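Owing to the predicted nature of the structure, the values given are computational and were not obtained by experimental measurement. The chains referred to below are lettered A, B, ... by the order of the sequence lines, with proteins before strands, and numbering in each begins at 1.
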Amino acid sequence: MSTDETAPVEKPRNFIHEIIDEHNRAGRFGGRVHTRFPPEPNGYLHLGHAKSICLNFGTALKYGGKCNLRFDDTNPTKEDVEYVNSIMDDVRWLGFEWDGVYYASDYFEQLYQWAELLIQKGLAYVDSSTLEEIRQNRGTVTQAGSPGKYRDRPSEESLNLFRRMRAGEFADGAHVLRAKIDLAHPNMLMRDPILYRIRHAHHHRTGDDWCIYPMYDFAHGYSDSIEGITHSICTLEFEVHRVLYDWLIDSVGDIHHPQQIEFARLNLTYTMMSKRKLLELVESETVAGWDDPRMPTIAGIRRRGYPPSAIRAFCDDIGVTRFNGMTDLVVLENAIRNDLNRTAPRYMAVLKPLKVVITNYPEGQSETLDAVNNPEDPSAGTRQIPFGRELFIEHDDFLEDPPKKFFRLAPGREVRLRWGYFITCQEVVKDASGQIVELRCTYDPATRGGNSPDGRKVKATIHWVSAADAIPAEVRLYETLFTVPDLSEIPEDADWRSYLNPNSLTVNTDAKLEPALANLAVGDRCQFERLGYFCVDQDSKPGHPVFNRTVTLKDTWAKEQKKGD
RNA sequence: UGCCCGGUAGUGUAAUGGUAGCACAACAGAUUUUGGGUCUGUCUGUCAUGGUUCGAAUCCAUGCCGGGCAACCA
């Protein structure tokens, strides 16, 4: 990790840092801090993982320690190198670099040796019961379990069977290795948990070397121990696993013993954070892929245009606690806007064009006007935008019969064209069906640049593009993927897919852009003035730019209108 | 109804026995060539009941509410 962060530890930012401070005072790990981010490569990373990544890597940075990337690849039937690669891309994109990349599968031989050791110590046995029998003798949350018929199998016999399991002599499911703890333990996890199962499956890294694979609990703590992890940070649902984590490490003798600490996972309104269901959305082609901009995946939000710095700021904002809450999506959006407001260059683009003819502007004439690129950042400079007799303005910026609080263009009303002139609407042109197709306006040549020499005020400034110079573009607008804020409240017997938002994607193919927008590259972020922040999508082709709306600007007028409803 | 973990404005998060603060949201106003931004102000909170203490969000007890745990998943 970078060394410029080894400065004295500042004020703790969360309860985990307090625990670490306490460890450091007591000399628990010799002042060392070594964390790890341990994903299973069975899906793409999402915002929930971003919280964990920021916590683990951020903690290492804060204490001048280290953070590993470790793939918990103990289930060959679900994992794939595609996921390994995407995870590495995503961690780096978020702005972090690991001190080492490891795989639980690198430790399979050592893990196996510890399993034999546990058998020899009488702390593990091979159980030849069926899945159903094992489930039966485990009891229920309110009832103790009872020992199965293989529980007292002599350790030589278990050892022999375990070696033959490894040798591939048995079919999947014929035997499992179980810890011998307590079938009556109040914690279900301690009722002789399964340690190894037979899986004749090809592993993405170890190939066909193994046909037995360790379970999560067995592999995870030992992997932490091998890597010298000091603080094994995980989410709250692993809390009940901690006693088993400790039991397994203590049972093989004097090896490094990390401290497991649990925190609350991220829950976001309107956001699905289940890897399994996200996979379903991809496989059913409900979305265009793992990187669909509507997805909460890191790949999705990257394509959507969320800056990594904003995600890190968001993770700082929400904090780390043991309280299982629900964070409002607007907090994320606020972090995005806050970041982009400072950094995104401004441009003008019209989503729903309405033609405007400036009747007193000489036919065939044109000019260029100066525009400020970013009012929040003078160093962003200025640019030139073309102006001519025919323009496009936003259809929503004109109302023939405006309500009281509507400040924009209307018959007889004067508004300012951003960086341009004051114009006044003189005439509304409609087609046979009564649709407004064109506005005929006059401009005041004295207001060039947007200021009137006589000090006359207008109530609105609207965006526009010169019709002769406009670049046609496709713009994709997004809403939340789901219609309910709290997805956990969808009833068990209901189909969660029926809560998908049919309006989550709107493709607009009629957009008109100012010419400077043609110079942006895929991934570039910008603001379309008054509309929101946008970025160039990878589907763009020469002559056919495609933009994604990252997030809208705050819209007081829209809020005002909603009140009226 | 067994075990474990939680509960601070609407939401999230500080305060670690000594003035309950911050962010987002909401509302009001000022400013503004983006109904953006910025600035100012307002509203709203310690789950309940007891106890310990000069003093409790904080410690203790009980209750209430929420979450987790019975995959050969992680």
Side-chain angles (χ1 to χ4, degrees), chain A residues 12-15 18 38-40 42-43 72-75 77-79 104 127 130-131 134-136 138-145 172-178 185-191 193-199 212-213 215-217 219-220 234-243 262 264 269 275-276 316-328 330-335 337-338 341-342 346 348 371-372 375-376 405-408 416-420 422 447 449-451 458-463 488 527-532 552-560:
Chain A
R13 274 204 293 267
N14 59 53
F15 79 99
E18 287 175 21
E40 183 190 12
N42 68 340
D72 258 347
D73 55 350
T74 57
N75 186 353
T77 60
K78 291 188 175 174
E79 297 152 8
D127 193 335
T130 64
L131 206 167
I134 289 173
R135 191 174 297 153
Q136 289 291 321
R138 195 151 20 215
T140 69
V141 289
T142 53
Q143 274 174 273
D172 288 7
H175 310 280
V176 291
L177 182 71
R178 287 232 259 171
H185 199 106
N187 180 343
M188 297 293 297
L189 259 303
M190 295 295 273
R191 320 246 264 225
I194 290 168
L195 270 20
Y196 267 88
R197 76 285 212 188
I198 302 171
R199 275 264 204 290
I212 56 171
Y213 291 92
M215 299 288 289
Y216 165 82
D217 288 298
H220 191 83
C234 60
T235 45
L236 244 28
E237 68 268 28
F238 291 102
E239 192 180 327
V240 290
H241 294 242
R242 191 173 63 236
V243 58
E262 312 86 18
T269 56
K275 263 187 177 180
R276 205 198 83 233
D316 277 350
D317 283 353
I318 59 177
V320 178
T321 65
R322 291 172 64 82
F323 175 69
N324 224 312
M326 176 69 69
T327 298
D328 199 317
V330 301
V331 177
L332 208 213
E333 292 184 337
N334 176 263
R337 290 189 187 107
N338 198 26
N341 177 48
R342 293 189 312 258
R346 272 66 172 175
M348 290 199 284
V372 170
E376 304 295 318
K405 289 179 179 172
F406 184 86
F407 305 146
R408 282 109 95 148
R416 171 167 41 228
L417 294 175
R418 180 78 156 156
W419 310 123
F422 286 12
T447 57
N451 289 302
V458 287
K459 290 204 84 172
T461 301
I462 64 172
H463 59 276
S488 71
Q527 182 189 114
F528 289 174
E529 293 224 25
R530 304 209 302 132
L531 296 176
T552 60
L553 250 28
K554 276 192 200 164
D555 192 342
T556 316
W557 170 237
K559 203 196 292 179
E560 191 66 39

Separation of atom CG in Leu553(A) from atom C1' in U34(B), rounded to whole Å: 7 Å
query: Can you tell me the Watson-Crick or wobble partner of C43(B), both distances under 3.5 angstrom?
result: none
Phosphate-side-chain proximity, Lys559(A) and A25(B), N/O vs OP1/OP2 below 4.0 Å: no
- request: Quick one: list whatever passes salt bridge (charged side-chain N to carboxylate O under 4.0 Å, His left out) with Arg342(A), sequence neighbours left out.
  value: none
- prompt: Contact class for Gln143(A) (heavy atom, under 4.0 Å): base, sugar-phosphate, or nothing?
  reply: nothing
task: Find the partner of U53(B): check Watson-Crick (N1-N3 plus N6-O4 or O6-N4) and G-U wobble (N1-O2, O6-N3) distances, both under 3.5 Å, and reply none if neither fits.
output: none
task: State the pairing partner of U1(B); accept Watson-Crick or G-U wobble contacts with both distances under 3.5 Å, and report none otherwise.
output: none
message: By nearest heavy atom, map Ile462(A) and Gly325(A) onto RNA chain B; which one lands nearer the 5' end?
response: Gly325(A)
Value in whole Å for how far the P atom of U34(B) lies from CZ of Phe407(A): 13 Å
query: Any luck finding a side-chain donor-acceptor pair between Asp72(A) and His220(A) under 3.5 Å?
result: yes
message: Considering every strand and a 4.0 Å limit on heavy-atom distances, what is the contact class for Lys459(A): base, sugar-phosphate, or nothing?
response: nothing
- prompt: Heavy atoms under 4.0 Å, any strand shown: does Thr269(A) hit a base, just sugar-phosphate, or nothing?
  reply: nothing
- prompt: With both distances kept under 3.5 Å, what pairs with G35(B), Watson-Crick or G-U wobble?
  reply: none
field: Aromatic ring proximity Phe238(A)/Tyr216(A), centre distance under 6.0 Å
entry: yes
- prompt: What string of B, S and - do you get for nucleotides 69-74 of chain B, 5' to 3', when a contact is any protein heavy atom under 4.0 Å?
  reply: BBSBSB
message: Heavy atoms only, 4.0 Å cut-off, all strands: where does Glu376(A) land among base, sugar-phosphate and nothing?
response: base
- request: Mind calculating the distance between CG (Leu236(A)) and P (G67(B)) to the nearest angstrom?
  value: 13 Å
query: Mapping Asn334(A) and Ala460(A) onto RNA chain B by nearest heavy atom, which one lands closer to the 5' end?
result: Asn334(A)
Atom pair CG (Asp555(A)) and CG (Leu531(A)), whose distance is rounded to the nearest 0.5 Å: 9.5 Å
task: Let me know the distance between CZ of Arg408(A) and C1' of U34(B), rounded to the nearest Å.
output: 11 Å
message: Classify Arg191(A) by what it touches in the nucleic acid, base, sugar-phosphate, or nothing, heavy-atom distance under 4.0 Å.
response: nothing
message: Any base atoms under 4.0 Å from Phe406(A), or only sugar-phosphate, or nothing? Heavy atoms, all strands.
response: base
- prompt: A25(B) phosphate, OP1 or OP2: any side-chain N/O from Lys554(A) under 4.0 angstrom?
  reply: yes
message: For a quick test of reading the model: is some side-chain N or O of Thr327(A) closer than 4.0 Å to OP1 or OP2 of U11(B)?
response: no
- request: Give Thr556(A) one of three labels, base, sugar-phosphate or nothing, depending on what nucleic acid heavy atoms sit under 4.0 Å from its own.
  value: sugar-phosphate
- prompt: Roughly, in whole Å, what's the span from CZ in Phe323(A) to P in A14(B)?
  reply: 12 Å
Could you pull out the protein-nucleic contacts involving nucleotides 29-31 of chain B (nitrogen or oxygen on both sides, under 3.5 Å)?
none

- prompt: Separation of Phe15(A) atom CZ from A57(B) atom P, in whole Å?
  reply: 23 Å
- prompt: Can you tell me how far P of U11(B) sits from CG of Asp317(A), to the nearest Å?
  reply: 18 Å
- prompt: What nucleic acid atoms does Arg416(A) come within less than 4.0 Å of, heavy atoms only: base, sugar-phosphate, or nothing?
  reply: base
message: So does Glu262(A) get a backbone contact from the side chain of Arg322(A), meaning a donor-acceptor N/O pair under 3.5 Å?
response: yes
